[in-house]
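Written below as structure tokens is the structure these notes are about.
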Amino acid sequence: MAGVDATLLKDLDRRGLINQATGDGELAQHLAESRTLYCGFDPTADSLHIGSLVPLLTLKRFQAAGHKPIALVGGATGLIGDPSFKAQERSLNAPEVVAGWVEKIKAQVSQFVDFDCGENSAMVVNNLDWTRELSVLDFLRDVGKYFSVNNMVNKESVKQRIQREGEGISFTEFSYMLLQSMDFSELYKRYGCTLQIGGSDQWGNITGGVDLTRRQHRGRVFGLTLPLVTKADGTKFGKTESGTIWLDAKRTSPYAFYQFWLNTADADVYKFLRYFTFIDVDEIDEIEAADREHSGKPEAQGILAREVTRLVHGEDGLAAAERISRALFSGDISELSAGDLEQLRLDGLPSSRLPQQFADNSLIHLLVEAGMAPSGKQVKDALGRNAVLVNGEAVGMDRNGDPQSVFSADKALAGRFFIVRLGKKKYHLFELAD
RNA sequence: GCAGGGGUUCCCGAGUGGCCAAAGGGAUCAGACUGUAAAUCUGACGCGCAAGCUUCGGUGGUUCGAAUCCACCCCCCUGCACCA
């Protein structure tokens, strides 16, 4: 077996990736040998979003350091719903739906770890496999007996649900912790898994598993939590005007994904480089120092966007994202050929075909229809401020009733395309109907 | 089941008969400034280009007029009781 990288924990620490760990520093010693660790991902949608990227990449870091990662997809826990730090009880998803999501998430998670590297090849498991056949009575006797309700009620993660006026917690969600604890114990028994990692909100669930494993199997296992990703301005990480940033290219195109990282605030970008890339910490420090030297636009955002887009969408996804970005933000769009425009559409630039009778509609209607703005008022506002550009030409409110002149064939790029820009960053490609 | 407290526009949260499409804050969008930043300032922010239309858990009612008052219903929370 390949040697184990003893500096792993130190590197994680330097990256700011360690929030809490069990075992009073004995974890370092434990990790001197190749170990098996796991992290769970619950299927709450058909794709993970970038909130799961930190644990996913951390699994990869452990694997790179010589440990064996298990990605657990919560086919069972996903049916229940984790109450940890959630303000409200969640509605249950249908079993068939969750089962479908499990398959999607399995595939997604698999991109990030190596399944063919000998001893420490990764595994993907589903916790439904050991809970499906479990009877309630067995569960209550073999698992429930080890948990103290007094103790559970005092967990910080459910406190607000128990104390807060106006919200409660069902027995179902309250039991979530037992299921997750069972996972750890089960993985310990089956595969000798001795470490669970997860977000900081998982601390209670993880220590539950550590305790259960000891009680059921007298096994010594560890837990490690990663920090919650926060932004300096206090707004929620991973959301933009257009919603959540997903890992699935069908939900968030590589272009949009790349743009998300490119728009990272200066105050966050170096931290994110440490969290989300494999660039050496010393090198990140150098980038930061260099950016400080130069006034003007920092390099960090570009590096971050490239690295993360490559990790998630591969070289091709990155190339597509950069191609579109270059064309829209620095190139002259009138230079684009029909082939280029076609490519931009394939690369994920939002696009649509103008309806046959588009002249009957107002410009406002057409842009709303295309999804460029949620309401006509916003388009109107933009038109009134000269914030709408069609093929580079500003279009004002006076042209609203005359889309025919705005989208006239003789002004089209390559005879049939229009690139409409609303505001600084929202682009849409329109194509004339044949 | 009983008692008490609640359900307001994306979120928080004011509003208890007209001055309410509904304070304030947050989030979001657009403009200026910039670096496709941040901070700041400005405008928008139920729907509609507009005239206008539809909202304050639901349904009826009182009233010239209701988010605000009344009745019934639904849902949530807290406590008590019942099941034990």
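Chain naming here is simple, since letters A, B, ... match the order of the sequence lines and numbering starts at 1 in each.
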Could you identify the nucleotide paired to [N], looking across every strand shown and requiring Watson-Crick or G-U wobble geometry with both distances under 3.5 Å?
N: B:U78; answer: B:A3
N: B:G43; answer: B:C29
N: B:U36; answer: none
N: B:A21; answer: none
N: B:A66; answer: none
N: B:C72; answer: B:G58

[N] [atom2] sits how many Å from [X] [atom1], rounded?
X: A:N400; N: B:G48; atom1: CG; atom2: P; answer: 13 Å
X: A:L367; N: B:C29; atom1: CG; atom2: P; answer: 17 Å
X: A:F260; N: B:A37; atom1: CZ; atom2: P; answer: 15 Å

Judged by nearest nucleotide, the residue sitting upstream toward the 5' end of RNA chain B, A:H365 or A:K231, is A:K231
Next item on the list: Could you measure between the two C1' atoms, the one in B:G31 and the one in B:C47, and give it in whole Å?
Entry: 24 Å
Applied to residues 273-308 of chain A, the ring-ring contact (aromatic ring centres under 6.0 Å, His included) test, sequence neighbours excluded, yields A:F237-A:F276, A:W261-A:F276, A:F272-A:F276
Exercise. Give a yes-or-no answer on whether the side chains of A:Y270 and A:E288 include a donor-acceptor pair shorter than 3.5 Å.
Key: no
Q.
Are more than 12 heavy atoms, taken from residues, nucleotides or ligands other than A:D138, located less than 6.0 Å from that residue's CG atom?
A. yes
- Determine whether more than 12 heavy atoms belonging to other residues, nucleotides or ligands lie under 6.0 Å from atom NZ of A:K411. yes
What are the atom names and distances for every N/O pair under 3.5 Å that joins the protein to nucleotides 34-36 of chain B?
| from | atom 1 | to | atom 2 | distance (Å) |
| --- | --- | --- | --- | --- |
| B:U34 | O4 | A:K424 | NZ | 3.0 |
| B:G35 | O6 | A:D266 | OD2 | 3.1 |
| B:G35 | N1 | A:D266 | OD1 | 3.3 |
| B:G35 | N1 | A:D266 | OD2 | 2.7 |
| B:G35 | N2 | A:D266 | OD1 | 2.9 |
| B:U36 | O2' | A:N263 | OD1 | 3.0 |
| B:U36 | O2' | A:K425 | NZ | 3.4 |
| B:U36 | O2 | A:Q259 | OE1 | 2.9 |
| B:U36 | N3 | A:Q259 | OE1 | 2.9 |
| B:U36 | N3 | A:Q259 | NE2 | 3.2 |
| B:U36 | O4 | A:Q259 | NE2 | 3.3 |

Q. Parallel, tilted or perpendicular: which fits the ring planes of A:F418 and A:F407, with parallel below 30° and perpendicular above 60°?
A. perpendicular
Using distance only, find each side-chain donor-acceptor pair of residues 362-378 of chain A under 3.5 Å and give its atom names and separation, not counting sequence neighbours.
| from | atom 1 | to | atom 2 | distance (Å) |
| --- | --- | --- | --- | --- |
| A:S362 | OG | A:H365 | N | 3.1 |
| A:S375 | OG | A:K377 | N | 3.4 |

The ring-ring contact (aromatic ring centres under 6.0 Å, His included) partners of A:W246 (sequence neighbours excluded) come to A:H49
Considering every strand and a 4.0 Å limit on heavy-atom distances, what is the contact class for A:A265: base, sugar-phosphate, or nothing?
sugar-phosphate
Sorted by chain and number, sequence neighbours left out, side chain to side chain contact (heavy atoms under 4.5 Å, CB included) with A:Q108 holds for A:S47, A:L48, A:I105, A:Q111, A:L247, A:D248
Closest non-hydrogen atoms of A:S200 and A:T225, given as atom of the first, atom of the second and distance, are CA-CB, 3.8 Å
Within residues 373-381 of chain A, the residues having a heavy atom closer than 4.0 Å to RNA chain B are A:S375, A:G376, A:K377, A:Q378, A:K380, A:D381
